[in-house]
Protein chains: 2
Amino acid sequence: MMVSASTASGLDSYGFMAGILPSACPSRTVLDHVTSKWGVLILLALSAQDRRWGELRRTVQGVSEKMLAQTLRTLEADGFVQRDAQPTIPPRVDYRLTPRGREVADRLLPLMEWIAANADAIVAGRPAG
Amino acid sequence: MMVSASTASGLDSYGFMAGILPSACPSRTVLDHVTSKWGVLILLALSAQDRRWGELRRTVQGVSEKMLAQTLRTLEADGFVQRDAQPTIPPRVDYRLTPRGREVADRLLPLMEWIAANADAIVAGRPAG
DNA sequence: CGGTATCCCCCTCGATACTG
DNA sequence: CAGTATCGAGGGGGATACCG
């Protein structure tokens with residue numbers, strides 16, 4: 001079986017294929033953060049434009065305040081998101097992607113586009129139940 | 001702010017940016033399956049080569065039998081993975097990506113490569129705690 | 001070998017209330 | 001507006017036992 005050389009060799013060079021992302025390795029935690037239920041959607045929302053807290057809450061439909069705050073803190077700790085708080089009254093806080101965050105978002109976008117384009121067909125084809 | 005036209009316009013054409021993947025839409029469920037804790041790793045493992053159950057269990061380190069079975073069933077229901085059982089004794093079951101599964105895996109690979117290459121720096125930069 | 005069934009703990013997450 | 005604190009339900013997920 002043949003796999004596109006550019007992708008397969010890239011992965012093998014990091015030793016993925018023998019045991020994939022060994023359980024103790026740092027990649028697992030980063031992966032969990034990036035692909036977390038709300039992490040993906042927040043990164044995507046910020047990839048389009050910088051957003052304020054309330055705007056983010058409205059854009060990422062269904063996220064609770066708790067999970068928005070928690071996920072933002074995680075993404076900030078990993079250096080994907082920068083928090084910019086202005087000590088005005090009322091307070092104003094903007095969130096933006098860091099350069100590192102943009103690199104991740106750029107790799108998330110093709111996946112999301114594909115899912116958006118194919119979701120209907122996938123759901124329609126699921127076995128009943 | 002300028003974003004690469006090829007990615008941004010692609011997303012906007014699916015109406016992502018106003019409210020991102022509205023909570024009720026099918027994309028959310030597909031996204032959850034693809035980016036689930038074990039789903040990503042299983043798709044990645046199968047993208048390198050077809051694998052038997054036991055091989056998959058060893059390759060995806062840390063997965064329990066229950067979660068491996070459960071995740072494989074989900075990926076199969078979504079049409080990403082094909083199960084090929086041979087009624088021999090002892091039984092032999094192979095799993096392979098479907099064409100649809102390969103399309104997803106191809107979009108997952110660049111993300112995984114980036115994470116593998118940057119995980120150490122990210123973890124090292126996390127605040128203490 | 002390649003699973004399924006069951007029990008049960010713990011941790012995530014949502015709801016609610018409160019604050020600067 | 002932009003959060004934090006607390007609580008309680010639910011289900012993800014591990015351990016174990018069993019089956020074809």
Side-chain angles (χ1 to χ4, degrees), chain A residues 20-24 28-42 45-46 49-78 81-96 127 129, chain B residues 20-24 28-42 45-46 49-78 81-96 127 129:
Chain A
I20 297 218
L21 294 178
S23 18
R28 284 283 183 97
T29 65
V30 177
L31 176 67
D32 286 347
H33 294 170
V34 171
T35 62
S36 71
K37 179 180 179 62
W38 301 114
V40 179
L41 298 176
I42 290 173
L46 292 177
Q49 54 182 277
D50 302 346
R51 294 185 198 266
R52 301 179 57 178
W53 164 273
E55 190 185 0
L56 218 36
R57 180 141 163 57
R58 265 174 281 115
T59 305
V60 180
Q61 292 180 17
V63 69
S64 67
E65 295 190 345
K66 178 181 174 179
M67 291 314 298
L68 179 57
Q70 196 173 109
T71 308
L72 279 171
R73 266 184 266 121
T74 302
L75 293 177
E76 193 187 359
D78 277 3
V81 166
Q82 183 184 349
R83 187 190 129 106
D84 183 13
Q86 285 158 28
T88 57
I89 295 183
R92 177 191 174 100
V93 183
D94 286 270
Y95 293 91
R96 79 184 86 264
Chain B
I20 297 215
L21 294 177
S23 18
R28 283 285 182 95
T29 66
V30 176
L31 176 67
D32 286 348
H33 294 171
V34 170
T35 63
S36 72
K37 180 180 178 66
W38 301 114
V40 179
L41 298 175
I42 290 173
L46 292 177
Q49 55 184 277
D50 301 347
R51 294 184 197 267
R52 301 180 55 180
W53 164 274
E55 190 186 0
L56 217 37
R57 178 142 165 59
R58 266 174 280 112
T59 306
V60 180
Q61 293 180 18
V63 71
S64 67
E65 295 190 346
K66 176 182 173 178
M67 290 316 298
L68 180 56
Q70 196 172 109
T71 308
L72 279 171
R73 265 183 269 121
T74 302
L75 293 177
E76 194 187 359
D78 277 4
V81 166
Q82 183 183 351
R83 187 189 131 108
D84 184 13
Q86 284 158 30
T88 57
I89 295 184
R92 176 190 175 103
V93 183
D94 287 271
Y95 293 91
R96 78 183 87 264

From C-beta outward on Arg92(B), which listed nucleotide comes closest to its side chain: dG3(D), dG2(C), dC1(D)?
dG2(C)

Check this one for me: any side-chain N or O of Arg83(A) less than 4.0 Å away from OP1 or OP2 of dA2(D)?
no

Does a nitrogen or oxygen in the side chain of Arg52(B) sit under 4.0 Å from OP1 or OP2 of dC1(C)?
no

Backbone N/O of Tyr95(A) and side chain of Arg51(A): donor-acceptor pair under 3.5 Å:
no

In terms of side-chain heavy atoms of Trp38(B), which of dG14(D), dG20(D), dT4(D) is nearest?
dG14(D)

Taking CG from Leu72(A) and C1' from dC13(C), how many angstroms apart are they, rounded to a whole number?
16 Å

Contact between Leu56(A) and Leu46(A) at the side-chain level, heavy atoms closer than 4.5 Å - yes or no?
yes

Rounded to the Å, how far apart are Met67(A) CE and dT4(D) P?
13 Å

Nearest whole angstrom, please: distance from the C1' of dG12(D) to the CD of Gln70(B).
8 Å

Given DNA chain D, 5'-ward residue of the pair Lys66(B) and Pro90(B), judged by closest heavy atom:
Lys66(B)

Picking from dC1(D), dG2(C), dG3(D), the nucleotide nearest the side-chain atoms of Trp53(B) would be dG2(C)

For a side-chain contact (heavy atoms from CB on, under 4.5 Å) with Trp38(B), tell me which candidate from Thr74(B), Thr71(B), Leu75(B) qualifies.
Thr71(B)

Of the nucleotides dC1(D), dG14(D), dG3(C), which one has an atom closest to the side chain of Ser64(B)?
dG14(D)

Taken to the nearest whole Å, CD/Glu55(A) to C1'/dG3(D) is 17 Å

Please report, rounded to the nearest Å, how far the P atom of dG3(C) is from the CG atom of Asp84(B).
11 Å

To the nearest angstrom, the CZ-P distance between Arg73(B) and dG2(C) comes to 16 Å

Just so I know, are the side chains of Ile42(B) and Leu68(B) near enough to count as touching, which here means a heavy-atom distance under 4.5 Å?
yes

State which residue, out of Arg92(B), Arg83(B), Arg96(B), fulfils the salt bridge (Lys or Arg N to Asp or Glu O under 4.0 Å) condition with Asp50(B).
Arg96(B)

Pick base, sugar-phosphate or nothing for Lys37(A), based on heavy-atom distances below 4.0 Å to the nucleic acid.
nothing

Rounded to whole angstroms, how far apart are CG on Asp94(A) and C1' on dC1(D)?
12 Å

Compare the minimum distances between each of dC13(C), dT4(C), dG2(C) and the side chain of Pro91(B), then state the nucleotide with the smallest one.
dG2(C)

Atom-pair distance (CD on Gln61(B); P on dG14(D)), nearest Å:
14 Å

Is Arg57(A) near enough to dA2(D) that one of its side-chain N or O atoms lies under 4.0 angstrom from OP1 or OP2?
no

Nucleotide nearest Glu65(A) (side chain, heavy atoms from C-beta), chosen from dT4(D), dG14(D), dA2(D):
dT4(D)

